[in-house]
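A, B, ... follow the sequence lines: proteins, then strands. Residue 1 opens every chain.
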Amino acid sequence: MSAEQTLDMRLLRDMILVRRFEERCVELYSAGSIRGFLHVYIGEEAVATGVMSALRDDDAIVATYREHGHALLKGMSARSVMAEMFGRVTGCCRGRGGSMHLFDATTRFYGGNAIVGGGLPMAVGLALADRMSGRDRVTVCFFGEGAMAEGEFHESINLAAVWGLPVLFVCENNLYAMGTALARSESETNLAVKAAAYEVPAWTVDGMDVRAVAATAARAVDAIRAGGGPHFLEARTFRFRAHSMFDPERYRERSEVEAWKEHDPIQSLRDRMTAEGVLADADVEAMESEIAVIVDDAAAFAESSPDEDVADLELFVHSPDSSVVLRASEREVVMT
Amino acid sequence: MSAEQTLDMRLLRDMILVRRFEERCVELYSAGSIRGFLHVYIGEEAVATGVMSALRDDDAIVATYREHGHALLKGMSARSVMAEMFGRVTGCCRGRGGSMHLFDATTRFYGGNAIVGGGLPMAVGLALADRMSGRDRVTVCFFGEGAMAEGEFHESINLAAVWGLPVLFVCENNLYAMGTALARSESETNLAVKAAAYEVPAWTVDGMDVRAVAATAARAVDAIRAGGGPHFLEARTFRFRAHSMFDPERYRERSEVEAWKEHDPIQSLRDRMTAEGVLADADVEAMESEIAVIVDDAAAFAESSPDEDVADLELFVHSPDSSVVLRASEREVVMT
Amino acid sequence: MTAAKLEPSTPAQPPEAEPGTTTITYREAIREAMREAMLADDRVFLMGEDVGMYGGCFGVSTGLLEQFGPDRVRDTPLSESAFVGAGIGAALGGMRPIVEVMTVNFSLLALDQIMNTAAALQHMSGGQFQVPIVIRMTTGAGRQLAAQHSHSLEGWYGHIPGIRIVAPATLADARGMLATALADPDPVLFFEHGSLYNMSGELGPDVGPVDIDRAAIRRPGADVTLITYGGTLATTMEAAEVLAGEGVDAEVIDLRTLRPLDDATIIGSVLRTHRAVVIDEGWRSGSLSAEISARITEKAFYELDAPVGRVCSAEVPMPYARHLELAALPSVPEIVDAAQRSMRGEV
Amino acid sequence: MTAAKLEPSTPAQPPEAEPGTTTITYREAIREAMREAMLADDRVFLMGEDVGMYGGCFGVSTGLLEQFGPDRVRDTPLSESAFVGAGIGAALGGMRPIVEVMTVNFSLLALDQIMNTAAALQHMSGGQFQVPIVIRMTTGAGRQLAAQHSHSLEGWYGHIPGIRIVAPATLADARGMLATALADPDPVLFFEHGSLYNMSGELGPDVGPVDIDRAAIRRPGADVTLITYGGTLATTMEAAEVLAGEGVDAEVIDLRTLRPLDDATIIGSVLRTHRAVVIDEGWRSGSLSAEISARITEKAFYELDAPVGRVCSAEVPMPYARHLELAALPSVPEIVDAAQRSMRGEV
Ligand SMILES: Cc1ncc(C[n+]2csc(CCOP(=O)(O)OP(=O)(O)O)c2C)c(N)n1
Ligand SMILES: Cc1ncc(C[n+]2csc(CCOP(=O)(O)OP(=O)(O)O)c2C)c(N)n1
Ligand SMILES: [Mg+2]
Ligand SMILES: [Mg+2]
């Protein structure tokens, strides 16, 4: 297989993995195994899949509360992610974070932030540390178009630009922020134009076309790694499902959703590869069954995993080696 | 005299008033009569003077901590402003605000905000109230170029633009935010370009040329009053003095300051009017003596004014007609 | 008890139905209060994220956009600092804005506007400007929303002079406090505990503005005073029942207004029971419970038969896992134990 | 006394000069601590508004840009939320940032980053990520800077789990606390009271990291415990001298670390004196003084010969006028009165 074909195969397989994993999450939410807020990425998989394909393992990711896919794509195990959503001690955050707060130090996945826009400053800081340490790593920050109205977007991209830091800002423009359509939240709806006003190279790409996303992201990441400073990428995509499990979806027409489903990123790539004669149904079936095993295994693992001991509730408020913790026990002694 | 000449005379007189008033403030600060932080506008007078000349009495102003001139130009008496800086009960805020917090309900002067960028949201709200009430008033918000890096700028101008509100955003670009030069605080140093990225009509004007400021502001205000939504005006100017009375000015060369003083807005207008044969030295002497009286009177008034009664310390934390206040006395009774 | 904490079943007030009463939820009570206020006064309008097209993040404002239109039910961009500040400006401009900050967790982004402008403006201006704004927020934990979506900061906000803070814990207060808050000439923060929205019960026909200067004694008792508010009232009422079974007659005070505190009612009760336990969902250190404990000591020290007790949340960013979250929050057994210790003169 | 409050003259520790001692100001002590830290560890850098070219708003970092260059002494744009958040990210990236937020008043703009990220990240991530950041801020009133520039919120910040809060009140602590704070693997908020910068005195040659887990007894005494920190230590020491003249032997505790509180030292002292008064520049309601009062009641109720007293700032946005500001702040006479009332068993 050519390099392109290998990449295409991987992109297809990764998108299907994210899709099937989240479909299972929705089932498990209805079953009560997953609680709290659950935001799925179904329909938007091409964005994270394409961008991640352009990264090195040591590059860093900062994402949002809609980040299950990003976590899996960065290399976190389906088991640790699913167990986290079940609130188990075997989860990536030992059950403390849940769906909105997935983290993984090993793969440099920095969350998992449930404050809209809250992750952008952190991404700038991670890039600053790389720059000051002479490392050529890239930090990629994902956020929605709604987040661009927050002051944190403005302050963060300006800071990254003033200091020429290696950050790729990826706006997942799915046209809605909960129920708020882009035109009602931004006076300038061409988001690349907004970003360009910070003197940052900005591109817009079809977020339903994973090949386009991958190619554009690769160009941006290369430019950043070469010292080109921060870049901005707007991926135009769409959320097929409700914002969260509580969203009655009063704010958009069913027809709009159906129209976008015509551009399902997985089906689109599959059709193109099939037309190009580089993909057989058997290939997809193989992927599906490999993925089914992963998802079943993750669910079974989560289901059978134990909970954190309640006695450990206060673990990780401070570091074990912080004197706040070391002295705490002592303080008790003195007190009682 | 032609309308232009009358306006020029007024502009010249107003700029001199602000200059002389603040020169006296600096003296009185050194003398210890004024305390806290004092930020003077010396060198920048053409900006507020020109903009204010385009306003109606019922238009509103939101300014910064560098607002003595704006207060006087909006029609506040030199007495009430000077007494406020002395901390007297006769001051516009009964001594509670000081130099950074001048307010006046009668002339619709909404301060006097010492949080950089903090006034912008208020300006948007004042304009929203006018819009919802069907009034054709304009709200003018002054801020420095340093404030444009704050999230409040981004959120406020976007909100005003999305809702098409009657706000004139005036950026007093004096090239420095305390010791931080524009290029070290903004990746895009063409501030009108930044503003235009919010789909807001944006103009840049020579902030040392009061006629240019007045003319441009008039156009903007007319457009806003006609329903044209928010506009942005960048006035390029310079602070002749230190940022505040504590600033050692390590961050800029004396020569840069001297070069800018060549463009003193007062001298420039005076020279042009003289050259045009519409201004005689006697006219200026007349203005100076009228102004000297005003400033002397303000200082004398402030000096001789009484302090607020210490017993009234807690006045105005809540409104007199708030039950928080009405019940307070009662609570005391119950307690003792 | 667990269920009760997550979704209080017992309305905090007697549910006997009288003629003319209607069954209503806490969510609907606040919605009706907003509807009534907007019908009664053209200056009142609602703005915030997703209050309109979406119907309100927690469904509180559902239907108001359709009734009042986009001018008076304004969806805002994600810009907490700007739209809270714009609410302040609109109030200065003669309006009576109700600003909904989706949850207290996001209000931190608007805290500068709240503390440095809304709370300070009248004083800074020497009494020239009043800021009649009502800022509504959902608060509290109990729904497995984890560390960034579970803060209970309403008591912490109580440190700020110049604002009033209310926390309706009953249907009558949910229905009646908004009108009173809107009538206040100064800024009011209005906290709705997320676990109360589905609480339902009967409301009489005579709904209307309620006094917000006085705390309420939700359960009279002679032995110990349990002081709480908002989301923990139901838990505390439940604990009082358990205590009754154990022979302890607990009085339960619902603070209702967290700033200013109604010392008269609090101290008045303690002077009768000589014992007090404060139940507060906030993190223990620096929570409102500390202020209440300090005030009781200051005003009734020699009347106390036991040190003032406190039952608060564990000092941890709220964990997602249900069992950990429940362990972190005040529970009926903890309250009962604290009250029993107080009966024994212990803390 | 007035002068002392505005610019404490008496250093809070005995100034006898030993061989090898140098005269130094509080401002210089912090500067030297930063210089030492940056020389000792390449990962340490300073960032904030005007820390470089301007020399620091209050002159604390003057000269550091020249010595360490713009990479390690970074002027930031006016973007509190972004550069505090960037400091958090840099800490995650292996650096040891010292972030200067010019004053606590502006830190409200960065509070979301502090509470929802810095303080919560380690817990949310199940212990995977530590955030070794030190955030320095000037705090306090006393210089006629009015309502938006006079907050004393360090005690209020003490409500947040996951952060440590220190407030150096002496030259030795100003010189030694930074190294200890930088050695802490978790976020530390470092509060410098603006009225202390010009305080000067002698420092011995053996300067270096100081313990920040323990409060310090600045003046031993047997009759009443005066508990304070930061900007009000000098005022309290002065009050203790006045009290000595009146025959009352006051013990003065300097908390040093506001979170976590050193209960051992506080309670240990109260168990000896049986009386306590807390002096706190914060607004009274919900201030740190309330938490301390509550804890003393909880842990030493039966040992108390008087209710715990509090001397705090008046609950007003700080007025500009000097006489009003002085009236709003804790003063020597108020502290003396409160201690004398405590001696009489009153509050
Ligand atoms: C600061 C803040 N405000 C509000 C919310 C509530 N909220 C969660 S997601 C969301 C919409 C965000 O939209 P967008 O940025 O476009 O991302 P998307 O959900 O579409 O992926 C809102 C309003 C929040 N979590 N944080
Ligand atoms: C939020 C905030 N951050 C920092 C400060 C301290 N400060 C006061 S004025 C100033 C510079 C502002 O520069 P600019 O906006 O250009 O206005 P100028 O002073 O030049 O008129 C700074 C940093 C503040 N008052 N508020
Ligand atoms: Mg979106
Ligand atoms: Mg400037």
Region of D:Leu109 in contact with chain B, defined by heavy-atom distances below 4.5 Å: side chain
For the atom pair OH (D:Tyr54) and CD (B:Glu249), what is the distance rounded to the nearest 0.5 Å? 8.5 Å
Highest number of heavy-atom pairs under 4.5 Å with chain D among B:Glu150, B:Arg250, B:Met148, B:Arg96 belongs to B:Glu150
Just do the side chain to side chain contact (heavy atoms under 4.5 Å, CB included) check on B:Phe37 and D:His149 with the steps written out, would you? CA-CA 10 Å; B:Phe37 284 157; D:His149 276 57; 3.8 Å; yes
Would you find a donor on one side and an acceptor on the other, under 3.5 Å apart, between the side chain of B:His101 and the backbone of D:Tyr320? no
Sidechain-backbone polar pair: B:Arg35 side chain, D:Gln144 backbone, donor-acceptor under 3.5 Å: no
Quick one, D:Met53 with B:Arg252, criterion side chain to side chain contact (heavy atoms under 4.5 Å, CB included). Give me CA distance, side-chain angles, the key distance, then yes/no. CA-CA 9 Å; D:Met53 294 280 282; B:Arg252 60 184 190 183; over 6 Å; no
Does any heavy atom of chain B fall under 4.5 Å from the side chain of D:Glu80, the backbone, both, or neither of them? both
Has D:Ser79 got a side-chain atom pairing as donor or acceptor with B:Ala149's backbone, closer than 3.5 angstrom? yes
Identify the two heavy atoms, one from D:Leu78 and one from B:Ala177, that lie closest to each other, and give their separation to 0.1 Å. CD1-CB, 4.1 Å
Residue from B:Asp309, B:Asn113, B:Asp307 scoring the most non-hydrogen pairs under 4.5 Å with chain D is B:Asp307
Do you know which of B:Met100, B:Arg94, B:Glu84, B:Arg88 has the most heavy-atom pairs under 4.5 Å to chain D? B:Met100
Answer with side chain, backbone, both or neither: which region of B:Leu182 has an atom nearer than 4.5 Å to a non-hydrogen atom of chain D? neither
Between D:Ser81 and chain B, with a heavy-atom cut-off of 4.5 Å, which part of the residue counts as in contact: side chain, backbone, both or neither? neither
Between chain D and each of B:Gly87, B:Ala114, B:Gly151, count heavy-atom pairs under 4.5 Å; write down the option with the most. B:Ala114
Look up atom CG in B:Leu313 and atom CD in D:Glu315, then write down how far apart they are to the nearest 0.5 Å. 11.0 Å
B:Glu152 versus chain D, heavy atoms under 4.5 Å apart: side chain, backbone, both or neither? side chain
Roughly how far, to the nearest 0.5 Å, is CZ of B:Arg184 from CZ of D:Arg74? 11.5 Å
List the atom of D:Asn105, the atom of B:Ile115, and the distance in Å for their closest heavy-atom pair. O-CD1, 4.5 Å
Measure from the side-chain N and O atoms of D:Asp75 to the backbone N and O of B:Thr180, and report whether any donor-acceptor pair falls under 3.5 Å. no
